Amino acid sequence: MKKVITYGTYDLLHEGHVNLLRRAKELGDYLIVGVTSDSFDKGRGKLNVRNNVLERVEAVRRTGYADEIVIEDYFGQKIDDIQRYDVDIFAIGSDWEGKFDYLNEYCEVVYLPRTEGISSTMLREQSQDVFRVGVIGSGRIAKRFVPEAKVVNGIEVISVYDPDETSASIFANQFGVQPFSSSFDDFLEKVDAVYIASPHLTHYPYAKTALSVGKHVLCEVPLTLSKAESRELYDYAEAHNLVLLEANKTAFCPSFNHITTLVKSGVIGDVVDVKSSLSKMVSAPTRELDYAQAGGAMNEHASITLLPIIKLLGTDYSSFDFHSKVENGVDVYTKVVVNYPHATSSATLGIGVKTEGNLVISGTKGYIYVPAPWWLTSFFEVRYEDQTKNKKYFYSYDGDGLRYEIQEFVSMIISQRKSSYKLRRRESVAIADIIEKFNNKENYYQL
Ligand code: CTP
């Protein structure tokens, strides 16, 4: 019996896929089709796949050509599969000509003619509206947004708003978008959604105004500095069928999602302690050191540093306290301890004190270690008492990492999903609550 194997994503299954599968089947007696897993696609930068792995497997099955379907989950798997299934022929479309010659060592490699004029990418682009986005704020963070948005389908940055005319026009020239400075209403009128990357204290009024005229909002961290304000914005968005997402970028990055799913599935037992740390030294004059602009380590970094705590231990904390080193009215270092009925946790944040910047999640069976900078997660290790059971995980963290949150934002708008399991509204509100308690100096100790 001649065995043939072929691989693909098979998103929005189309005629090109069907032709390819038919031709591959004709090469032998038994066809194995490898369908990429969702995480494998994400890991290799294919962020826009519409159908999930179950839907894609089902679509391939329905063509009737596959005798067996396997999931492709890692680089190098093709060699393993060819040997494991005793494959005679590896077949793939001619767009890959030459790229799989290395498999000749294990079986015959055949490049089959590709069907012209159709691809999943084309179908994704045709079936999707392009949302026009305006950026609010033109500083450091906003500048990273435009190149990152370019790698996500379905979104186009068309304008920038900044009350500082010079800054808006420099940004507009750099990225080829339209600048607005005098009228926020005119700016809003032309867009479907906004990305807020302005100073902290302006997030709430900008988000509220944008939502009130029916615009979807992606807002930089911290969404607001108050539980009530965050909750009010989420309630308003929900009641008006609008997407409001806090751009807590780590929450959406593939490796961090993998950490949370591993922990939730019990690989380290019950979580008893989460220790996260983040420090980014700054020097005056800068907004981060300015009390009037809500500077300080907590306002600046709590959203990301508290994320793993809230994600893994939940929003039902029982107590917390803050220990801060203060200079000129802002905390240059804060350690926040958050306690739960059966677990404890701490986050250390610095803008004038340097810390290690790693994340350690300790459980009753083992722990997960994520080295600094854990918030740009590209590697982590699950460790046990018996070190032979340790497992290392590697991921790519593409670009500035904003593409993952932008992708989630677009996908929520398209599918009219108001909530993201990657960052639930109650989790975002809980983080605002802790920041607010800090600013109110509840259980606060100065070092
Ligand atoms: N294929 C083909 N003809 C097409 C499109 C795809 O023969 N018009 C083949 C590919 O060469 C590959 C298989 O179908 O062997 C699965 O490809 P996949 O990457 O899933 O499909 P694409 O439509 O190329 O997807 P994308 O646009 O996301 O790259």
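This structure is a prediction, so every number in the text was calculated from the model and none was measured. Counting convention: from 1, in listed order, for ligands and their atoms alike.
- The shortest N/O to N/O separation between Leu20 and ligand 1 does not fall below 3.5 Å.
- In this structure, Arg124 is part of the shell of residues with a heavy atom less than 4.0 angstrom from ligand 1.
- His258 and Phe380 have perpendicular rings, their planes meeting at more than 60° on a 0 to 90° scale where under 30° would count as parallel.
- Atoms of ligand 1 lying under 4.0 Å from at least one heavy atom of Gly93, given by number and element, are 11 (O), 15 (O).
- Geometrically, ligand 1 and Thr115 share a nitrogen or oxygen pair separated by less than 3.5 Å.
- The single protein non-hydrogen atom nearest to atom 14 (O) of ligand 1 is His17 CD2, 3.5 Å, given as residue, atom name and distance.
- Of the heavy atoms in His14, only side-chain atoms (C-beta onward) come closer than 4.0 Å to ligand 1.
- Only the side chain of Lys46 comes within 4.0 Å of ligand 1, judged by heavy-atom distances.
- Each of the following atoms of ligand 1 lies closer than 4.0 Å to a heavy atom of Ser119: 23 (O), 27 (O).
- Note that CZ of Arg287 and CG of Leu201 are 10.0 Å apart. Values are rounded to the nearest 0.5 Å.
- Residue, atom and distance of the protein heavy atom nearest to atom 2 (C) of ligand 1 are Arg114 CG, 3.5 Å.
- Heavy atoms of Thr121 found under 4.0 angstrom from ligand 1 belong to the backbone as well as the side chain.
- Remark: Lys249 does not engage Glu405 in a salt bridge, criterion side-chain N to carboxylate O under 4.0 Å.
- Within the 4.0 Å heavy-atom criterion, neither part of Glu15 lies near ligand 1.
- Protein heavy atom in closest approach to atom 11 (O) of ligand 1: Asp95 OD1, 2.6 Å.
- Taking any N or O of Tyr10, backbone or side chain, at least one lies under 3.5 Å from an N or O belonging to ligand 1.
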